Number of protein chains: 4
Amino acid sequence: MSNSGKVSVGIVGASGYGGVQLVRLLLDHPEVEVVYLGGDSSAGKDYGDLYPHLYNKVKTKIEPINLDAIASRCQIVFLGLPNGLACGFAPQLIAKGCKVLDLSADYRFKNLDTYTAWYKTEREDKDIASTAVYGLPELYREQIKNSSLIGCPGCYPTASLLALAPLLKQGLVLPETIIIDAKSGTSGGGRQGKINLLLAEADGSLGAYGVAKHRHTPEIEQICSDLARRDVKIQFTPHLIPMPRGILATVYGTLTDPGLVTDDIITVYKAFYRNSIFVEVLDKGIYPQTKWACSTNVGYIGIEVDPRTGRVIVMSAIDNLIKGQAGQAVQCLNIMMGWEENLGLPTLGFYP
Amino acid sequence: MSNSGKVSVGIVGASGYGGVQLVRLLLDHPEVEVVYLGGDSSAGKDYGDLYPHLYNKVKTKIEPINLDAIASRCQIVFLGLPNGLACGFAPQLIAKGCKVLDLSADYRFKNLDTYTAWYKTEREDKDIASTAVYGLPELYREQIKNSSLIGCPGCYPTASLLALAPLLKQGLVLPETIIIDAKSGTSGGGRQGKINLLLAEADGSLGAYGVAKHRHTPEIEQICSDLARRDVKIQFTPHLIPMPRGILATVYGTLTDPGLVTDDIITVYKAFYRNSIFVEVLDKGIYPQTKWACSTNVGYIGIEVDPRTGRVIVMSAIDNLIKGQAGQAVQCLNIMMGWEENLGLPTLGFYP
Amino acid sequence: MSNSGKVSVGIVGASGYGGVQLVRLLLDHPEVEVVYLGGDSSAGKDYGDLYPHLYNKVKTKIEPINLDAIASRCQIVFLGLPNGLACGFAPQLIAKGCKVLDLSADYRFKNLDTYTAWYKTEREDKDIASTAVYGLPELYREQIKNSSLIGCPGCYPTASLLALAPLLKQGLVLPETIIIDAKSGTSGGGRQGKINLLLAEADGSLGAYGVAKHRHTPEIEQICSDLARRDVKIQFTPHLIPMPRGILATVYGTLTDPGLVTDDIITVYKAFYRNSIFVEVLDKGIYPQTKWACSTNVGYIGIEVDPRTGRVIVMSAIDNLIKGQAGQAVQCLNIMMGWEENLGLPTLGFYP
Amino acid sequence: MSNSGKVSVGIVGASGYGGVQLVRLLLDHPEVEVVYLGGDSSAGKDYGDLYPHLYNKVKTKIEPINLDAIASRCQIVFLGLPNGLACGFAPQLIAKGCKVLDLSADYRFKNLDTYTAWYKTEREDKDIASTAVYGLPELYREQIKNSSLIGCPGCYPTASLLALAPLLKQGLVLPETIIIDAKSGTSGGGRQGKINLLLAEADGSLGAYGVAKHRHTPEIEQICSDLARRDVKIQFTPHLIPMPRGILATVYGTLTDPGLVTDDIITVYKAFYRNSIFVEVLDKGIYPQTKWACSTNVGYIGIEVDPRTGRVIVMSAIDNLIKGQAGQAVQCLNIMMGWEENLGLPTLGFYP
């Protein structure tokens, strides 16, 4: 526990966009105190050197990654590192008594062979990995409560699964017909100097990438299979959109019962998400704009049945860095700690 | 013929984005001269009042719409009016000897009942309408050559059909599985002061609209049915993207032969478009960016087969105002007049 | 007082961007309850019809403007109407016991002749107008405390005056050398369908407007004259920037003492704003980005002295709709009511 | 001469934004053929690997930089390298008989001490440097005609000097009062992966940089001094704007004769630029938008006198990569070769 009597939190990999969202969110969180910010390439710097607008709010220096030091000071550790590193750190942190929330892909997979096939990393932490819970509270709230290791979902999977879960859980669509056409702002590419993420290149333009091979595909499939109680393969295509943040997933599926109408499906969704304060199922004829979700932990869902084709189209909008990453991790933390689920989490942005 | 010895052209509805593209393109066209610019609400204004950067290039005043005057001065008339007006003007202009290229939906439909059902306008020009040709040169080049009335395609149908035509023509996909997830810059909404098209609202945001009911649906279906030689229903979802111009259509279809691989499909496309100078079929692994197409009459097509799902994904990028509207109309004009198909049409934009 | 025991607030002109910022801010304000939303053109509509993302948060209908009804229900009234209307409403509301915060230009001027000269509206409320206080708390905090009528500053004047006040108050620059080159996001133009504010027109572009005649000029001059204790004329040039929100004012002035260096001026500013929690004076070499200020009530100020030219350059970044409009009004309300000045006001946005 | 009978051209440093503009412009140039593309880090790659939309248009591979090879194959060499490299290459290329157009800062300065002071590079090529001509055709057309070495202007200096030249040449403003507040799209930062140029950081934001110390300052001052026939110091502040391309320079100066009105100054400008086909002086009340200039070699100039303050405000808009860089270099080439000045250069973009 920190000197303030609050729960002490460390963030490893604090310099990226996920890290700065966590730092920002936790500044407003009434029950925690960030006592450690860690990173390798930025160790020794003031946090304000990386994010000057935070100079006066975050006085912490970035420290090298030392697991003993972290465990001795932090009850909770968020890992915001590139894929393949958390699986080397989490086992030790957990052994030392920390609760760990990992923002990378390392603890998202029940079947580590799938992880290894898509991420090209062999795993030696199978016991620990088997205790990890997929941190999508709308689906796995009960398991999260009792877990010490959360594999926080990817941004695309979060948007996609919020759109798909009621359909698959209730058997309303033919799983093999599912197509997810997803669109993301460029912050999803991380805080790294890539040419294709430059404003000069990305602004005023639009394109798909990772077609038929994006690594969020098996992650989505795993949870869809769990929901459908059988193996599901889905089509997933991400696109880069000229905006900093936000994801829209437009999801298509053929209805098992072609007699269902839009109102029926909306009713199902409203029931499914009745206790999920961060999901807003929109009324008929209203489709979500990603900007509504920006700077919030809310997912907005719009639904339309096309009676001409027998398909349902579900649109799901989130902030990729909050509900799609750091905010959802805080939501999981709240659940793990038995706090109100929405503690410290924004539910309404500023528009326009 | 104009005093300059060039073919004389009139543009009715010159004040909108389609109009200004035509004006701009035809300024560079070696064989035509724009002798008439018409409009109702803007009649009497200098064109430079509407578009100040053109003040010194276009000295023409906008005139009221008078069909006799137009026909007496113009060999060619472009109609760039709201849907439902061209069908009142075109018959008279054709009777007076003009060739007409209509940018609205009025002459896109073989079956006028479909038009009436989706556009809520009864038609009394069935004879003339039956002579109209759908102005997509890559599919109907021969018919365009001999026509006096062109129904120029919509922007979404252009992008979608360039992506779909080889698949349907060759029977490579199951037509009922086709889904078109399309994304457009906001100029597609026209030069009108709508709240949702304001930069303050649209920038930094993204959303679908017209889900399961956009009026480009039956237009796409008509041509798909023609290509597939049977009735085809497709799924079409448009989205508004925070950028001024450009369309990307991401098209999904289940392969009839699941053994086909990406290279096979690329080969088919390259053959199909061998004589189409405005279609660039990209090599394997390259997906189009809409910015490549901006300010050009070119469509860029990228292709990927997903062996996991048995689907082909085709991405088609165009400039919605040029290949998707005014440039394609000029391309049709070139064909009608027996000129080189690319006369006055740009094939390469400036990047970035 | 509202049923909740909170102070009851009405917003007249709730449908615009200023209105929706007020609605949004006051939802989080612990001491007030919004009990009335008024408007003329939108009367009768649900607020969610105008802003669908607020459907579930704001159940209030927009009501016609009836001053008796407003005064009977509201202790506090925000007026967010076009210039020239508040001066017809405020006198009656005040007579009926309301405190009024006006977001238009009507109550910003000590000298109503200046108002009439620039706004072309004769005034018949001179007694009431003479009681109005200019609502820039960093300069007029004491007067605001005891006022019942606040003329809330314009967005450009707020950014400009935060940059200029210490210089003029301390006599550090020659007033006649002051040039304000200001840049604003397009939401400053309001929620109205103007062609030049369309994303298709404004995105990817930049231009000045209102050069040498923008109506914020006399407002800035009035406060500058007050600070300098003599008549001051300034140069003010606004520009429209392709982004939804944010203002940067780049202010130039010739130093009276050319021996001053950057550190000297920063010291003066830090002292001047020591008790102003919403002004962040940046350290040497750090210049503000408007995005830092977005969705907050904070003004960020960067300073550089150019020893080559003897000028000081001050850059001031705010969110035009919050510190430049609605947030500042709430800040004034907090002061009027004797509450903590930052109640309900955000101090840190989400970045990027 | 190339096999095609055209003048053979080489581009050293072809991979950046300046390089790709040159490549693109010269594809349309009727008198030249690009026979060599050179670069160090990208040597060996196909040009289409860097810019996929050019795959089918530019088949040239990027070659290592070998001056003998270049000189044996190229009559004309464009150097598009980082500052400090051209001064090592140009002397040899000229000795071998090439004409050289350098896009870096190396040959822009008459006084090499100024260059060394601001660019921190000692120079050993003073003889050759003394033969260089500053490549702003609107001011130095006659000298360019007979030169073999052109120091092409920076983007900011081009916009600024087009705005300032008539004022200084005619003695209409007090030189020491000149302030240039300049705004640029982010492509001005080059094709390099800098964090502050990422869309996620730069979009929706705005800030100044290099305040009181940007290296374009002495370049502007040199030419201003030449025009004013005495030493001039100016104030120059650049800002980064959330758009890919375009520069607006807003220039302020105090009139020597306060009786002059806007029309007077416009008359002076129209006369000054009468023979300059790439400068458009706008009529009274019209201010330039950068988008008008995009993809063209044109500079648009708007003018307003403020009788209240005795200042003139001149706004100058260019495309930073064309008139501000590659297009201007081609314009110089045309002049050097005795061709029409506008050969291969676009004068009208597509709007919006």
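The structure presented is a predicted model; accordingly, all values stated were derived computationally and were not measured. Lettering follows sequence order; numbering is per chain, from 1.
- Closest of all the heavy-atom pairs between P242(D) and I241(C) is CD-CG2, 3.9 Å.
- Nearest heavy-atom pair across A200(C) and P352(D) is O-CB, 3.0 Å.
- Across every non-hydrogen atom of K183(D) and H239(C), the tightest pair is NZ-NE2, 3.1 Å.
- Neither the backbone nor the side chain of I286(D) comes within contact range of chain C; no heavy atoms are under 4.5 Å apart.
- Of the possible polar contacts, none joining the S205(D) side chain to the Q289(C) backbone as a donor-acceptor pair under 3.5 Å is found.
- Contact annotation for I234(C): only backbone heavy atoms (N, CA, C, O) come within less than 4.5 Å of a heavy atom of chain D.
- Contact annotation for I303(C): neither backbone nor side-chain heavy atoms come within less than 4.5 Å of a heavy atom of chain D.
- No other option in V305(D), L206(D), L240(D), I247(D) has as many heavy-atom pairs under 4.5 Å with chain C as L206(D).
- Between chain C and the residues E176(D), R245(D), M315(D), E201(D), the most heavy-atom pairs under 4.5 angstrom are made by E201(D).
- The residue among W292(C), Y351(C), Y287(C) with the most heavy atom pairs within less than 4.5 Å of chain D is Y287(C).
- For chain D, no part of A317(C) is nearby; none of its heavy atoms comes within less than 4.5 Å.
- To the nearest 0.5 Å, atoms OG1 (T217(D)) and CG (D306(C)) are separated by 8.0 Å.
- For the pair G207(D) and L248(C), the tightest heavy-atom approach, listed with the atom from each and the gap, is CA-CD2, 4.1 Å.
- The choice from K233(C), Q235(C), K213(C) that makes the most heavy-atom pairs within less than 4.5 Å of chain D is Q235(C).
- The one candidate from I180(D), T237(D), T250(D), I179(D) that meets the side chain to side chain contact (heavy atoms under 4.5 Å, CB included) condition with D181(C) is T250(D).
- With respect to chain D, the highest number of heavy-atom pairs below 4.5 Å among K291(C), E304(C), M243(C) belongs to K291(C).
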